[in-house]
Amino acid sequence: MNGIEKWLERRGVVIDDIAEIVLALQHPYNADLTVEECRLSVLAVLDKREVQYVLYTGIALDELAERKLLPEPLQSIMEKDESLYGVDETLALGITNVYGMIGLTSFGYLDKMKPGIIRHLNVKGERIHVFLDDLVAGLAAAASARIAHGDPKAIQYHLPDSP
Ligand code: MG
């Protein structure tokens with residue numbers, strides 16, 4: 001498990017949670033797709049340094065807010081998860097944009113429907129997931145777009161014999 005997977009897991013998100021969403025997004029277009037192929041696509045997206053940087057930034061802000069370490073007014077905005085804040089969605093687009101327009105459409109859909117782990121993260125409790133719900137939606141949208149674009153490495157990636 002690499003660094004970014006550990007960060008996600010620390011925040012309650014495992015790769016399979018994201019792969020399930022990718023499968024649901026792609027299933028209408030590709031009935032033969034497996035959850036393992038979706039998992040590999042998520043890992044391929046996570047392998048990109050610009051994606052990792054977005055995740056580190058958003059997750060760090062969530063964690064700093066939980067520890068009440070952010071300066072005002074940001075601390076209060078994060079605690080309330082103010083709907084006009086919008087920086088969480090903007091940051092997540094940094095992940096989705098890597099795979100173009102299809103990713104953007106899926107991101108909008110996931111943001112509205114909040115399936116699976118995204119809905120779970122959205123429930124207000126002790127923890128603050130202002131950024132993480134959008135980051136997970138961005139990851140799922142990007143991994144889905146990657147499959148839609150038919151990138152052959154979507155399947156080959158991370159197999160033991162790949163170069
Ligand atoms: Mg959010």
Side-chain angles (χ1 to χ4, degrees), residues 1-28 35 38-39 41-149:
M1 196 186 287
N2 65 30
I4 198 64
E5 283 178 65
K6 283 192 196 129
W7 275 56
L8 286 169
E9 204 168 287
R10 180 169 89 217
R11 302 300 293 168
V13 177
V14 296
I15 303 302
D16 283 347
D17 293 332
I18 309 171
E20 292 290 345
I21 297 171
V22 176
L23 186 65
L25 280 174
Q26 280 299 311
H27 189 74
V35 72
C38 295
R39 218 176 65 82
S41 191
V42 173
L43 289 173
V45 172
L46 284 175
D47 216 40
K48 289 192 170 284
R49 189 165 299 186
E50 69 252 56
V51 170
Q52 293 173 11
Y53 288 170
V54 168
L55 288 167
Y56 287 137
T57 305
I59 290 172
L61 285 167
D62 280 349
E63 290 185 338
L64 288 170
E66 269 176 15
R67 291 156 64 190
K68 300 192 184 295
L69 289 174
L70 291 173
E72 290 295 355
L74 195 54
Q75 180 66 39
S76 299
I77 292 168
M78 293 277 290
E79 284 178 18
K80 282 187 221 130
D81 199 357
E82 270 204 44
S83 55
L84 282 176
Y85 180 54
V87 182
D88 39 354
E89 284 91 358
T90 307
L91 190 70
L93 289 177
I95 299 175
T96 309
N97 283 347
V98 174
Y99 293 95
M101 206 61 198
I102 303 178
L104 191 63
T105 313
S106 299
F107 178 75
Y109 173 80
L110 294 176
D111 190 44
K112 193 168 150 61
M113 304 304 290
K114 304 193 191 309
I117 184 77
I118 300 173
R119 179 166 304 273
H120 182 75
L121 291 171
N122 225 262
V123 175
K124 286 203 177 66
E126 287 287 285
R127 309 198 83 175
I128 293 178
H129 295 301
V130 169
F131 280 89
L132 191 60
D133 59 339
D134 300 288
L135 298 174
V136 167
L139 278 173
S144 171
R146 189 174 187 283
I147 292 169
H149 283 299

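Read the numbers this way: they start at 1 and go in the same order the structure lists the ligands and their atoms.
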Worksheet item: Of all the N, O or S atoms in D88, which one sits nearest to the Mg ion (ligand 1)?
Response: OD2
Worksheet item: Do the side chains of L61 and V130 get nearer than 4.5 Å, heavy atoms only?
Response: no
Practice prompt. Flag the pair D62 / M78 as yes when at least one side-chain heavy-atom distance between them is below 4.5 Å, and no otherwise.
Written response: yes
Item to complete: Considering just N/O/S atoms, say which atom of D133 is closest to the Mg ion (ligand 1).
Response: OD1
Worksheet item: Strictly under 2.8 Å, is any N, O or S atom of F131 next to the Mg ion (ligand 1)?
Response: no
Item to complete: Look at the N, O or S atoms of D81, main chain and side chain alike, and state whether any lies under 2.8 Å from the Mg ion (ligand 1).
Response: no
Worksheet entry | Residue E89, metal the Mg ion (ligand 1), N/O/S under 2.8 Å | no
Discussion item. Within the 4.5 Å heavy-atom criterion, are V136 and L110 side-chain neighbours or not?
Written reply: no
Practice prompt. Determine whether L55 and W7 make a side-chain contact, defined as any pair of heavy atoms from C-beta on separated by less than 4.5 Å.
Written response: no
Practice prompt. Please tell me if the side chains of L132 and I59 come closer than 4.5 Å, counting only heavy atoms from C-beta onward.
Written response: yes
Worksheet item: What is the name of the N/O/S atom in D134 that sits closest to the Mg ion (ligand 1)?
Response: OD2
